[in-house]
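Note that the structure is predicted; figures quoted are calculated from it, not measured. So that the names make sense, note that chain A is the first sequence line, chain B the second, and so on, each numbered from 1. Keep in mind that the numbers below use all heavy atoms, side chains included, and drop hydrogens, waters and symmetry copies.
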Protein chains: 2
Amino acid sequence: MTSVKESDLDNIRAELLKNVGKNIQRIREQKGLSQFDLITKMLGEFDVTNVSRIESGRNNPTLFTLYRIAKALDVSLPQLLDYSTTGK
Amino acid sequence: MTSVKESDLDNIRAELLKNVGKNIQRIREQKGLSQFDLITKMLGEFDVTNVSRIESGRNNPTLFTLYRIAKALDVSLPQLLDYSTTGK
DNA sequence: AACTATATTGCCATATATGGCAACCTAACC
DNA sequence: GGTTAGGTTGCCATATATGGCAATATAGTT
């Protein structure tokens with residue numbers, strides 16, 4: 001077994017995006033911020049629409065996007081992506 | 001001061017991509033793997049060309065790409081992105 | 001010199017993240 | 001009822017990550 005079925009790969013991707021998205025949402029809400037509040041704290045421009053898509057796992061955000069979200073939420077990049085401790 | 005000059009934003013992005021890229025390269029070489037070895041260990045298909053581009057900071061990888069690289073290198077996603085401890 | 005392994009760069013095509021806006025949906029108000 | 005805040009979804013355009021291959025570079029070895 002060296003390969004992974006394509007559908008499995010899609011499931012792995014979907015789970016990852018959902019887990020990270022939920023983690024972002026959890027941290028944002030812990031800080032008492034709305035999605036709009038978040039984008040106003042982000043470096044540069046960002047569309048609030050995409051926050052919803054990222055938090056719900058519909059988008060596969062880039063490294064730079066994740067970095068700007070982490071900064072806006074006042075957490076480190078590793079913290080933002082560490083969903084293992086929060087009960088997956 | 002609420003905004004960031006566009007050139008500053010580009011510099012922040014460039015530095016981030018370079019730091020994470022170097023971290024990936026460092027971990028890969030510590031494990032004694034070539035770029036080709038890395039892609040063969042990654043889930044699904046990945047082009048070796050893009051490993052070079054990511055390690056040199058020319059590409060802004062997606063979350064799923066970072067996840068697959070982390071898995072192939074046998075480190076956690078937070079570890080892969082934690083370049084702060086390694087001397088920036 | 002030649003050969004091999006590894007990495008970089010360039011080019012083009014495709015897939016998709018993001019920008020931007022409008023419409024819609026709840027829930028909580030008055 | 002209406003209004004507001006927050007979030008979602010749909011649509012389209014643009015930017016760019018990735019796929020894929022070829023060419024080049026570079027270092028190591030014989």
Query - Option passing side chain to side chain contact (heavy atoms under 4.5 Å, CB included) with A/Leu81 (candidates B/Leu77, B/Asp82, B/Leu80) - result: B/Leu77
Query - Nearest listed nucleotide, side chain of B/Phe46, among D/dG19, D/dG6, C/dA7 - result: D/dG19
Query raised in the report: Would you say a side-chain N or O of B/Thr62 is under 4.0 Å from OP1 or OP2 of C/dT16?
Result: no
Query raised in the report: Are B/Arg28 and C/dA7 close enough that a side-chain N or O sits under 4.0 Å from OP1 or OP2?
Result: yes
Requested in this report: Indicate whether OP1 or OP2 belonging to C/dT18 is found under 4.0 Å from a side-chain N or O atom of A/Thr65.
Outcome: yes
Query raised in the report: So, is B/Gln35 close to the C/dT8 phosphate, meaning a side-chain N or O under 4.0 Å from OP1 or OP2?
Result: yes
Requested in this report: Quick one: label A/Arg68 by what it contacts on the DNA or RNA (base, sugar-phosphate, nothing), any heavy atom closer than 4.0 Å.
Outcome: nothing
Requested in this report: May I ask you to decide if B/Phe64's main-chain N or O and A/Asn60's side chain share a donor-acceptor pair within less than 3.5 Å?
Outcome: yes
Requested in this report: Select base, sugar-phosphate, or nothing to describe what A/Asn60 touches, counting heavy atoms under 4.0 Å on all strands.
Outcome: sugar-phosphate
Query raised in the report: Donor-acceptor pair, A/Asn23 side chain versus A/Val20 backbone, under 3.5 Å?
Result: no
Query raised in the report: So which nucleotide from C/dT18, C/dG10, C/dT6 ends up closest to the side chain of B/Arg53?
Result: C/dG10
Requested in this report: For B/Asn50 and D/dT18, give me the distance from atom CG to atom C1', rounded to whole Å.
Outcome: 5 Å
Query raised in the report: Out of C/dA7, D/dT8, D/dT18, which has the shortest distance to the side chain of A/Ser52?
Result: D/dT8
Report task. Ignoring the backbone of A/Asn59, work out which of C/dT18, C/dT8, D/dG7 is nearest its side chain. Result -> C/dT18
Query - Member of B/Arg28, B/Lys22, B/Lys18 meeting the side chain to side chain donor-acceptor pair (under 3.5 Å) criterion with B/Glu55 - result: B/Arg28
Requested in this report: Report the distance from atom CG of B/Leu33 to atom C1' of C/dT6, rounded to the nearest whole Å.
Outcome: 13 Å
